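Bear in mind that the values here come from a model prediction, so they are computed numbers and not experimental data.
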Amino acid sequence: MFALEAATFCWLVLVVQLVGLFCAGLVRIFAPCRLSSSLQSLYCAWLTFVGGAAAVMLVLGSACWLGFATTFALMLLTAVCDFRPARQVTDAIT
């Protein structure tokens with residue numbers, strides 16, 4: 001069976017979570033750009049990966065599931081929330 005050292009596993013978990021948050025931020029920053037379609041595909045793939053990792057860690061009984069679940073929730077909030085000031089949102093609607 002393939003076994004990782006504890007330090008390597010912790011760094012791997014941290015990198016997966018940071019890449020997930022970075023993808024979510026990129027989707028928000030480059031939303032009106034030509035890159036948005038490919039970035040959204042990357043975001044959806046990574047969101048699926050992070051959610052799956054959270055589920056696997058929960059089933060395995062590892063305490064890492066909470067970090068993955070938090071990253072999953074933050075990625076969803078970053079994609080859904082509108083961070084523009086209220087005036088810009090009203091101008092865009094009218």
Applying a strict under-4.5 Å side-chain criterion to I, L, V, M, F, W and Y, I'd like to know whether [X] and [Y] cluster together.
| X | Y | answer |
| --- | --- | --- |
| Leu76 | Leu26 | yes |
| Leu42 | Val50 | no |
| Val16 | Leu21 | yes |

ring-ring contact (aromatic ring centres under 6.0 Å, His included): which pairs involve residues 31-50, sequence neighbours left out?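 Those involving residues 31-50 are Trp46-Phe49.
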Sequence neighbours excluded - ring-ring contact (aromatic ring centres under 6.0 Å, His included) pairs with any residue from residues 10-30: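 Listed once each, the pairs would be none.
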For a 4.5 angstrom cut-off between non-hydrogen side-chain atoms, does Leu18 reach Leu14?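 Heavy-atom side-chain distance check passes, below 4.5 Å.
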List for me each residue that meets side-chain contact (heavy atoms from CB on, under 4.5 Å) alongside Leu35, sequence neighbours excluded, and say none if there are none.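 Cys33, Ser38, Leu39.
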Looking only at heavy atoms, which two atoms of Thr78 and Arg28 are closest? And how far apart? O-CD, 2.9 Å
Less than 3.5 Å apart, which donor and acceptor atoms pair up between the side chains of residues 54-73 and the rest of the protein, not counting sequence neighbours?
{"unit_1": "Ser62", "atom_1": "OG", "unit_2": "Cys64", "atom_2": "N", "d": "3.2"}
{"unit_1": "Thr70", "atom_1": "OG1", "unit_2": "Leu66", "atom_2": "O", "d": "2.8"}
{"unit_1": "Thr71", "atom_1": "OG1", "unit_2": "Gly67", "atom_2": "O", "d": "2.9"}

